[in-house]
Amino acid sequence: MPKLNLVDAINLALRQEMERDERIIILGEDVGKNGGVFRVTDGLQKRFGEHRVVDSPLSESGIIGTSIGLAQAGLRPIPEIQFEGFLGPAYDQITTQAARVRSRSRSALTCPMTIRVPVGGGIHAPEHHSDSPESIYAHTPGLKVVMPATPYDAKGLLTSAIRDNDPVIFFEPKRVYRTYKEEVPEEEYTIPIGKAKVVQEGTDLTVITWGAMLFQCLEAIDQLPEEVSVELIDLRTIYPIDIDTIAESVRRTGRAVVVQEAPKTCGLGAEISALIMEHCFLHLQAPVQRVAGYDTCMPYYKLELDYLPDATKIGKAIKDCLAY
Amino acid sequence: MPKLNLVDAINLALRQEMERDERIIILGEDVGKNGGVFRVTDGLQKRFGEHRVVDSPLSESGIIGTSIGLAQAGLRPIPEIQFEGFLGPAYDQITTQAARVRSRSRSALTCPMTIRVPVGGGIHAPEHHSDSPESIYAHTPGLKVVMPATPYDAKGLLTSAIRDNDPVIFFEPKRVYRTYKEEVPEEEYTIPIGKAKVVQEGTDLTVITWGAMLFQCLEAIDQLPEEVSVELIDLRTIYPIDIDTIAESVRRTGRAVVVQEAPKTCGLGAEISALIMEHCFLHLQAPVQRVAGYDTCMPYYKLELDYLPDATKIGKAIKDCLAY
Amino acid sequence: MPLTTAYQGEIPYLQILDPDGNLDESLAKGTLSDADVKHLYEHMILNREYDDSAFRLQRSGRLGTFPQCKGHEAAALGAARAMRKGHDYLVPYYRENPASFYHGLPMHYILMFWGGDERGNAIPRNISMSPLTIAIGTQGLHGVGHAWAFKYRKEDRVVVAFFGDGATSTGDIHEAMNWGSVLKAPIVFSCINNAWAISVPQDKQTGAETFAQKAIAYGMPGIRVDGNDIFAVYKAHRDAIENARKGNGPTLVESVTYRIADHTTADDARRYRPAGELEAAQKLDPMIRTRKYLETRKLWNDELEKKTWEKAKATVADVIAQADKVSPPDSDDIFNHTFEELPPDLIRQRDLRHTHSIGLNPEEIGLKPQPEEAAH
Amino acid sequence: MPLTTAYQGEIPYLQILDPDGNLDESLAKGTLSDADVKHLYEHMILNREYDDSAFRLQRSGRLGTFPQCKGHEAAALGAARAMRKGHDYLVPYYRENPASFYHGLPMHYILMFWGGDERGNAIPRNISMSPLTIAIGTQGLHGVGHAWAFKYRKEDRVVVAFFGDGATSTGDIHEAMNWGSVLKAPIVFSCINNAWAISVPQDKQTGAETFAQKAIAYGMPGIRVDGNDIFAVYKAHRDAIENARKGNGPTLVESVTYRIADHTTADDARRYRPAGELEAAQKLDPMIRTRKYLETRKLWNDELEKKTWEKAKATVADVIAQADKVSPPDSDDIFNHTFEELPPDLIRQRDLRHTHSIGLNPEEIGLKPQPEEAAH
Ligand SMILES: Cc1ncc(C[n+]2csc(CCOP(=O)(O)OP(=O)(O)O)c2C)c(N)n1
Ligand SMILES: Cc1ncc(C[n+]2csc(CCOP(=O)(O)OP(=O)(O)O)c2C)c(N)n1
Ligand SMILES: [Mg+2]
Ligand SMILES: [Mg+2]
């Protein structure tokens with residue numbers, strides 16, 4: 001089985017789905033001839049033609065707004081927003097329009113589309129290229145939100161997202177794009193949206209994370225004393241949250257640490273922390289701990305590593321929680 | 001002392017601040033000649049002139065974007081967004097621009113502005129006129145978010161917001177606009193941003209809420225058996241959250257219910273629930289309970305009362321929590 | 001070459017039927033037949049009756065906010081008539097009842113919509129139109145997407161997307177026109193300039209003399225028409241639609257009309273309208289000149305007028321009765337149309353009708369059963 | 001009246017100095033003096049040297065992404081020269097180094113900015129410009145707000161706001177031009193049309209022949225100029241600025257130039273640029289014709305050229321040294337510039353450098369002291 005990185009795994013999923021379903025149109029800034037600024041859509045325009053892989057005007061609201069029309073008319077658009085920082089101009093079309101098509105029309109219309117968005121920090125990029133807005137969209141009813149951390153999961157989840165009949169935001173942790181490879185089957189497969197993955201089993205404490213932070217968590221766990229047994233859960237889907245997998249684990253371990261890149265306040269970590277209390281109250285040995293970005297603007301890149309959770313910060317939270 | 005409703009209290013604060021500081025400009029759709037669709041800015045254009053109370057084009061991004069320029073140039077704009085549902089087109093200017101002016105320029109520039117926005121459901125309005133997006137903005141570093149529930153608080157908090165040297169979103173619970181009156185001093189006064197109010201003291205359980213839900217909570221508490229003693233906290237400021245007041249209370253009562261209109265997942269209630277666990281873990285007798293809007297689109301108005309938390313739902317959560 | 005012309009362009013203005021009911025025969029040639037005009041006038045009456053009835057329903061507390069369409073009849077119906085019914089695609093904003101009804105939308109749907117019921121927006125499959133839009137300007141891009149899909153599938157369908165003068169200030173309408181033009185999408189942008197956006201007049205909305213000239217920004221044809229003139233509106237839209245159908249891309253049509261009503265039932269236009277403006281506009285009411293024209297052609301008389309109003313009243317009474325008969329919406333529907341398949345937590349929220357956790361699912365989440373259940 | 005003209009307009013094109021260095025004397029009259037041109041050419045050299053050096057710094061890993069300005073020199077400097085330095089207000093996007101330096105921005109700030117340090121965006125108080133913008137199009141509205149403030153305070157200052165061809169597709173630039181026009185704000189919109197928006201060419205960005213004609217949508221004057229011609233750029237901006245200063249509102253100026261570089265150092269334009277296009281554009285390089293012109297007037301020679309480059313190299317080397325000397329940013333600044341006064345939780349986050357609660361404030365929140373502290 002070939003070892004692929006995240007970029008190649010996503011590219012492969014896109015190619016296979018486009019072959020399978022000619023209702024699929026990819027659109028976005030620089031996705032065609034240039035193959036995307038991260039080369040995620042590389043080669044697709046050549047293969048499928050300019051009518052299926054479309055270089056769009058510089059207009060994020062337009063990318064999502066026209067995608068809504070395409071989707072309502074029976075096609076399956078896969079819009080790309082070049083960086084999560086440029087979701088802003090598309091926010092209205094995503095939240096007040098795409099997310100509500102089904103509800104507003106009592107299912108007379110649907111809006112199947114997969115919005116691909118590179119996300120997160122750690123790549124030494126300029127402003128607006130390093131944010132983590134996932135909780136904003138998790139708070140928006142009518143949207144599914146997915147964020148795989150690994151190539152295998154990305155391929156399976158993207159396939160599911162594309163086939164889903166509702167709008168899905170598919171966040172791609174850009175810090176992982178080319179830094180991690182694993183075996184990815186050439187054949188098509190799906191991974192269900194809404195199912196977390198237990199990456200590593202353990203008995204003393206549960207760490208819950210998603211996206212690029214998975215690798216920071218692995219590093220943190222690696223650096224812990226050997227006798228500490230940590231269970232690590234990769235959420236993979238941001239909404240709907242797989243609280244069952246989390247709760248099952250925390251009921252066993254009695255302790256939990258949630259790790260996110262986004263600012264702490266009102267981040268997804270708050271939701272998971274609240275859910276854990278609601279589902280595991282009698283089993284909790286310590287308050288659920290949140291390791292998060294600070295409640296500040298994501299700094300320009302010279303300070304980004306000071307901002308982002310890393311193995312040290314995560315390790316300290318784990319130790320504090322264990323000692324509680 | 002005159003009894004004022006929320007509309008009049010806000011109008012009075014605006015008038016007094018405009019008299020005091022001629023750097024203040026009000027701008028927004030229909031705020032001038034028409035005095036705002038809720039008449040909150042009634043009479044101000046007549047009093048201060050068309051150059052200070054400006055009827056703007058239908059362009060929310062423009063309302064905030066030009067306000068940013070005004071603020072950077074040393075004025076004190078008070079933009080109005082007509083309904084919270086139309087914050088969407090302004091989202092990018094608010095979150096990637098207004099909120100980051102100070103940080104991005106290392107305080108070389110600042111962005112003092114008060115964005116007034118009617119918020120929330122319960123007034124039988126069309127789509128996009130009944131939402132509760134406060135947690136979105138609480139998650140945005142660089143913004144302060146305020147939501148008074150009563151005329152007295154509104155006047156004092158709006159005065160503080162206008163004088164604040166950073167951007168403040170000032171949410172006005174429109175359901176309360178004309179339904180509640182109280183004594184409001186004519187003289188100017190301020191209420192500090194970031195301080196919650198204990199509306200009613202109690203010993204068995206703490207209810208935390210904000211905005212129009214305050215009145216639903218009061219009703220729910222009213223309907224409880226007399227021997228139940230509930231402490232009720234009106235958050236008033238959404239960010240920064242006054243966790244000290246909340247924690248002090250919950251450490252005494254051991255139980256807490258958070259009530260919000262917004263959809264449950266990733267709402268402010270999640271943050272407060274997580275914070276309570278973090279600050280009061282050893283005192284908690286029951287998991288913090290969230291009474292929230294459902295994780296669905298806000299329904300059109302025929303079903304809005306089924307959607308919104310009311311005294312019955314709040315009462316049940318309180319009872320369940322007490323019985324835990 | 002030094003100081004030359006980079007671009008030169010102009011925007012025509014079209015009027016065929018003047019306020020006194022006089023027709024420019026040569027321009028009218030090949031446009032609306034007598035039967036057409038008669039039929040469209042009947043529609044105007046029906047809509048006017050509907051409009052007034054809805055207003056009264058609101059005043060008596062039986063309807064939420066309602067935006068009247070009074071004055072827009074020719075602007076909407078002329079465009080609607082130019083479309084192929086059931087084939088071309090109508091993208092309304094919220095003030096196109098006449099066009100929507102013309103295309104077959106059951107009339108009680110609009111009452112349901114403004115009565116706060118999503119089912120009023122569940123457009124039946126055989127009606128070729130999109131749901132009503134409240135968020136100003138957003139629908140233009142949806143229209144472009146639809147048109148793009150038609151082009152992609154090589155269908156010869158054309159979209160007509162409506163929006164108001166106020167909407168032209170939004171980023172979305174700009175992006176829609178830009179995309180439409182770049183994609184050469186089969187769409188017509190129909191701007192209903194009724195002089196006001198709530199209380200904001202044209203000169204506070206734009207520095208341009210016309211809205212039609214915005215077409216030039218996108219390199220597409222633009223035309224301004226007398227929006228109270230059913231012939232002009234029809235002709236401009238028909239030409240634009242056929243041009244789009246041929247693959248030549250979009251046109252911007254500005255129909256100049258007037259909102260002979262408050263913005264909505266929640267508005268009071270006396271607060272901001274200059275004295276006399278409404279009265280002047282009422283004289284230009286599209287119904288007056290259409291009737292005059294029909295009378296000149298001996299196609300109409302008082303008797304027909306009376307009968308048509310009576311029929312309209314009966315129809316609208318029926319529609320209201322039909323709306324009244326609609327069963328109240330099921331509150332399960334708050335949940336059921338959020339996704340094709342509901343996630344488990346949403347099912348719990350639906351079935352238990354609460355969001356607090358105690359008692360949500362006692363066994364599974366390892367809590368004591370909730371007291372009330374224990375009491376059973 | 002029936003079929004008449006609602007609007008008629010045109011957009012001029014201006015070129016004064018042609019690619020061979022020939023000047024149209026009559027158009028040039030009253031524009032740039034010999035000394036001006038010489039000075040501006042020296043600036044071009046300085047900027048070209050800066051640009052190439054920054055490129056090399058990036059390639060050697062000492063700078064993050066960097067967008068070169070190569071080719072834009074005349075478009076930026078002509079506009080900058082037309083402004084009153086320290087009085088009028090410059091709103092750049094991210095490719096206006098020449099204009100920013102001309103207005104006095106310390107040159108190492110730009111290296112700090114692209115080196116990932118906010119202090120590069122802390123524009124000194126005496127420099128009349130706004131910070132660089134990464135989010136395309138957003139700055140236009142800030143420019144309008146600034147211009148509005150000038151008007152409000154009755155100052156005779158004018159804003160020049162820059163943006164690219166790609167930016168014209170954003171809703172924000174549309175809203176900015178619309179607002180500017182409605183408010184008659186003292187602002188000039190300067191569109192740098194360098195033929196590409198990363199990999200997207202003009203015909204995928206707009207259906208219009210020119211960007212300048214977008215002015216018509218807003219009822220404001222528009223002009224297209226040869227953006228490699230320092231005279232034309234200067235004159236168009238000077239006229240527009242003076243017009244704005246007189247209270248006549250905005251103008252849109254389109255400067256047609258070319259990005260003689262990749263989009264940024266992260267880009268590889270060979271993937272999408274048609275063969276020969278770059279080479280053709282290089283022949284139109286503004287530096288070539290400006291030098292030719294100066295040589296024709298005997299104001300320049302190889303010796304001066306050599307000396308100026310040497311001086312530029314020395315200056316840029318100094319600038320780099322200055323940037324290198326800047327102390328690393330203090331990570332407390334992540335927090336300190338979030339608000340004027342930090343809320344308590346942010347102070348805790350800053351002082352303890354973590355967000356998890358245990359140990360955040362042991363006494364106050366009634367928890368056991370954290371183990372490490374207990375060990376002390
Ligand atoms: C994005 C957005 N902002 C504000 C509103 C509130 N609003 C409703 S209608 C309206 C005026 C619309 O004017 P116009 O586009 O001219 O249409 P008209 O009502 O005159 O037909 C406004 C501001 C809205 N619905 N959507
Ligand atoms: C809102 C937004 N969307 C996307 C991007 C990514 N991006 C950066 S530069 C660029 C192209 C800009 O083209 P243009 O406006 O012509 O300026 P140029 O770079 O050619 O000078 C894009 C798409 C961005 N920075 N902001
Ligand atoms: Mg209007
Ligand atoms: Mg460009």
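Owing to the predicted nature of the structure, the values given are computational and were not obtained by experimental measurement.
- With hydrogens and angles disregarded, no donor-acceptor distance shorter than 3.5 Å links the side chain of A:Q72 to the backbone of A:T110.
- For the pair A:T95 (side chain) and A:Y91 (backbone), a donor-acceptor distance under 3.5 Å is present.
- Shown here for A:P309 and A:Q260, the closest heavy-atom pair between the two residues is CG-O, 3.2 Å.
- Not one N or O on the side chain of B:E278 forms a donor-acceptor pair closer than 3.5 Å with the backbone of A:P287.
- Looking at A:F86, there are no atoms closer than 4.5 Å to chain B (heavy atoms on both sides), in backbone or side chain.
- Options B:E60, B:E127, B:E271, B:Q289 differ in how many heavy-atom pairs under 4.5 Å they form with chain A, and the most are formed by B:E271.
- The nearest pair of heavy atoms linking B:A138 to A:C266 is CB-SG, 3.9 Å.
- Looking at B:A99, the atoms closer than 4.5 Å to chain A (heavy atoms on both sides) all sit in the backbone: N, CA, C or O.
- Top candidate by heavy-atom pairs under 4.5 Å with chain B, chosen from A:G142, A:G269, A:A90, A:P89, is A:P89.
- Counting heavy-atom pairs under 4.5 Å between each of A:P263, A:P299, A:S103, A:G293 and chain B puts A:P263 at the top.
- A side chain to side chain contact (heavy atoms under 4.5 Å, CB included) with B:P126 is found for one member of B:H124, B:H128, B:H129 and no other, namely B:H129.
- For the set A:L268, A:I241, A:T140, A:D131, the count of heavy-atom pairs under 4.5 angstrom toward chain B peaks at A:D131.
- If you measure heavy-atom distances from B:Q285 to chain A, the contacts under 4.5 Å come from the backbone alone.
- For a residue to count as touching a neighbouring chain, one of its non-hydrogen atoms must lie under 4.5 Å from one of that chain's; by this rule A:R102 does not touch chain B.
- Between chain B and the options A:K264, A:R104, A:M298, heavy-atom pairs under 4.5 Å are most frequent for A:R104.
- Interface remark: A:L284 contributes backbone and side-chain atoms alike to the contact with chain B (heavy atom separation under 4.5 Å).
- Using a 4.5 Å cut-off between heavy atoms, A:L275 contacts chain B through both its backbone and its side chain.
- Side-chain atoms of B:R100 never come within 3.5 Å of backbone atoms of B:P141 as a donor-acceptor pair (strictly under, hydrogens ignored).
- Here the side chain of A:T209 pairs a donor or acceptor atom with the backbone of A:V259 at under 3.5 angstrom.
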